[in-house]
Amino acid sequence: MSGRPIVVVGDVLLDRDITGRAGRLAPDAPVPVVDVADERCRPGGAGLAAALAARDGREVILVTGLGHDEASDTVRSLLPPGVRLAELPLEGSLPVKCRVLAGGRPLMRMDHGGGRTGAPGDRVLRVLEEAGTILVADYGRGAVSAVRSAVQRAAQRVPVLWDPHPQGTRPIPGLRMVTPNEREARWFLRRHGADRSGSVEDADDSLRAHARRGSLLAERWQCASVAVTLGARGAVLTRPRCDDPLYIPVVSRGDGDPCGAGDCFAATAAAVLADGGLPPEAAGAATEAAASFVAAGGTGEHAIWHTGRNPSVRGPSGPRPEKPHRLEDILALANAVRSRGGTVVAAGGCFDLLHAGHVQFLENARRTGDLLIVCVNSDASVRRLKGPGRPLNAAADRVRVLAGLGCVDAVAEFGEDTPQALLQRLRPDIWVKGGDYSVRDLPEAAQLREWNGQTLVLPYLEGRSTTDLARRAAGSRT
């Protein structure tokens with residue numbers, strides 16, 4: 001940690017949740033009657049982002065507009081001790097967002113209030129000058145506009161992450177990361193346009209389309225990276241003129257309230273950047289944190305400090321007594337999945353000594369689609385690639401171990417140095433690789449494009465490798 005605070009800049013709202021049970025309709029209109037059981041208030045908008053950023057004991061300063069109304073006083077009293085205020089003047093009342101929920105699901109929302117944010121004073125400007133990292137949570141209610149020039153100066157020396165909103169201002173140039181969700185990315189692309197031809201169909205919901213939107217926006221906004229969040233599907237991280245996006249799947253799954261997940265993503269990513277992390281590290285940690293936040297109940301359950309557990313990986317539906325390894329059976333399985341509208345994923349490697357890095361990679365690969373086929377190198381192929389003494393485990397053993405993983409649906413062996421001939425038969429919708437590869441350097445990428453397939457690079461678990469395991473094992477035999 002840099003020792004300097006994370007400064008959160010943006011509009012605070014007062015969030016009020018009225019929860020209860022709806023078991024009957026009103027006699028005078030076909031609307032549900034909610035028997036109220038509880039009512040809770042909490043800071044929303046930039047206030048929630050600041051609370052999330054401060055949850056691990058960090059020093060956080062919130063720059064926002066607050067007035068002299070009851071809602072502003074309530075927000076001041078509800079902010080956690082780790083968040084200090086640097087207030088902008090607010091003429092009028094603080095916006096209040098009231099949700100009515102039954103059975104954990106929103107029935108309606110009522111908004112009222114709203115004022116105009118005034119010019120910053122000396123303390124606010126000094127806070128921005130001394131910031132270690134800045135998180136902009138722009139809800140379009142004036143706080144960001146009031147300090148925009150000061151944030152732009154700060155972006156020349158410290159990491160700035162921008163969580164945009166359609167009603168907010170355009171992100172400034174030079175940002176480290178911008179974090180729109182998929183709906184916002186579509187909207188911004190329509191509004192701000194693109195410098196390059198061949199834009200994306202608005203209805204296209206593929207990972208390639210989301211990555212393309214992020215890359216075009218990163219170019220247009222002149223920022224280092226754009227992370228497009230996809231809810232339960234995870235996120236894609238991309239850069240200007242990028243053809244090898246990083247897809248980050250969701251690990252923790254749950255049916256909790258998604259309200260506040262975007263603030264959790266932005267706050268977590270800002271904390272990683274504050275510690276000197278790179279955008280891929282920030283996006284990976286943020287995706288996991290946001291998913292755990294939702295799985296633990298979201299803001300409705302006061303789950304800000306909860307952490308989720310990783311559930312087991314789901315396999316394809318239907319009975320499956322054993323996993324196929326004959327190519328004809330694998331092709332039949334893949335065709336059956338495609339006929340139901342599913343996505344076929346393939347991943348490849350030697351998998352000589354299966355370790356935690358392999359397992360994480362394969363679990364993440366499975367989450368990108370509905371069927372995962374692992375293409376494993378034969379013994380002769382491994383020997384040519386790795387040298388004498390390898391493989392440590394024969395192909396039959398490696399196939400059996402891989403087939404024992406719940407995330408793997410089929411295993412196919414190939415004898416060439418690359419799986420291109422096998423891929424030509426399988427024709428997967430997605431081909432995944434792990435580690436520090438670039439898509440443009442993978443020969444399989446051009447091949448996948450022949451049938452409109454997509455190549456993805458997934459995060460790699462640092463510090464795990466077969467070579468290191470073998471070396472440590474050899475050193476212990478004394």
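Model, not experiment: these values are computed from the prediction.
Considering all non-hydrogen atoms of both residues, I134 and A131 come closest at CG1-CB, 3.8 Å. Of all heavy-atom pairs between V344 and R338, the closest is CG2-CG, 3.8 Å. Looking at every heavy atom in both residues, Q420 comes nearest to P443 through NE2-O, 3.7 Å. Considering all non-hydrogen atoms of both residues, L107 and A22 come closest at CD1-CB, 4.4 Å. The minimum heavy-atom distance linking M177 with L237 is given by the pair CE-CD1, 4.1 Å. Of all heavy-atom pairs between R58 and A53, the closest is CD-O, 3.6 Å.
Annotation: side chain of V432 is not in contact with side chain of N364 (no heavy-atom distance under 4.5 Å).
Judged by distance alone, with hydrogens and angles left aside, the side-chain atoms of R367 form a donor-acceptor pair with the main-chain N or O of V250 at under 3.5 Å.
We find that D138 and R148 are not joined by a salt bridge, their nearest charged nitrogen and carboxylate oxygen being 4.0 Å or further apart. Ionic pairing of D111 and K97 is not present here: no N-O contact between side-chain nitrogen and carboxylate oxygen is shorter than 4.0 angstrom. Ionic pairing of D379 and R398 is present here: one or more N-O contacts between side-chain nitrogen and carboxylate oxygen are shorter than 4.0 angstrom. Using a cutoff of 4.0 Å between basic side-chain nitrogens and carboxylate oxygens, D204 and R213 are not scored as salt-bridged. Between D15 and R99, no side-chain nitrogen of the basic residue sits less than 4.0 Å from a carboxylate oxygen of the acidic one, so the salt-bridge criterion is not met.
Note: W221 and F188 have perpendicular aromatic rings, judged against thresholds of 30 and 60 degrees for the angle between ring planes.
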